[in-house]
Amino acid sequence: MTVRVIVPLVYKRNLNYLPNAMKRYWLLKSEPSGFSIDDLKAEPNRTAHWDGVRNYQARNYLRDEITKGDEVFFYHSKVDPPRVVGSCVVTRAGYPDHTAFDPRDKHHDPKSDPTNPRWFMVDIKLKKIFKNPVDLATLKTTPGLEKMVLTQKGSRLSVQPVTENEWRIVHALAGEKT
DNA sequence: GCCAACGTTGGC
DNA sequence: GCCAACGTTGGC
């Protein structure tokens, strides 16, 4: 009898190398005029790839940190009021953003090529559209969210980490269960 | 639509 | 490697 043991050899995360490593939390910004949470809802299997990020810090999170099973807030920017509108789960960890290779694409980047991709994306699946979205002004005045990346002055990172406590507080503000 | 805050580029 | 100029983000 042959017993096969499949051992994952490489984990994307340097620090959390156990299979049951605690999941982490993130926030993704999108202008709803381009891609809204309702657009995500309309996608097959309510799942989409998060393409078009062209900022190195955000890219590093997408490529190196965010992994399957992590949870993310969906945030609508450039609307009044800007607000957290729902939550999603990551269904695929970082992989090359193919839109960078396409000369006809809005986000084309000739410096990224398939043999050495510069930009990455993840897949997310819609979990919940909040009945009561949480607007930025509320986040900025809520105790416990003083250090949240989103509430910092001048913060414009479109992919950002969220602590577990921030995750809980924002859900409480939305009247949602975590 | 304005513009402050950021991030990137490129001359030197 | 500095930093001025430029481009972008995103609240307001």
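Note on naming: letters A, B, ... go to the chains in the order of the sequence lines (proteins, then strands), and numbering restarts at 1 for each one.
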Between A/Arg54 and A/Lys78, whichever has its closest DNA chain B nucleotide further toward 5' is A/Lys78
Shoot me the first and last contacting nucleotide of DNA chain C against chain A, ordered 5' to 3', at under 4.0 angstrom to non-hydrogen atoms.
C/dG7 to C/dC12
With a 4.5 Å cut-off on side-chain heavy atoms, are A/Leu139 and A/Val134 touching?
yes
How are the rings of A/Tyr56 and A/Trp119 set relative to one another: parallel (under 30°), tilted (30 to 60°) or perpendicular (over 60°)?
tilted
Residue pairs involving residues 134-149 of chain A (criterion side-chain hydrogen bond (donor to acceptor under 3.5 Å, both in side chains); sequence neighbours excluded)
A/Asp135-A/Thr138
Pairs under 3.5 angstrom only: tabulate donor-acceptor contacts from the side chains of residues 74-90 of chain A to other protein residues two or more places apart or in another chain.
unit_1: A/His76; atom_1: NE2; unit_2: A/Ile37; atom_2: N; d: 3.1
unit_1: A/Arg83; atom_1: NH1; unit_2: A/Pro81; atom_2: O; d: 2.5

Mutual orientation of the aromatic rings belonging to A/His98 and A/His49 [parallel < 30°, tilted 30-60°, perpendicular > 60°]
perpendicular
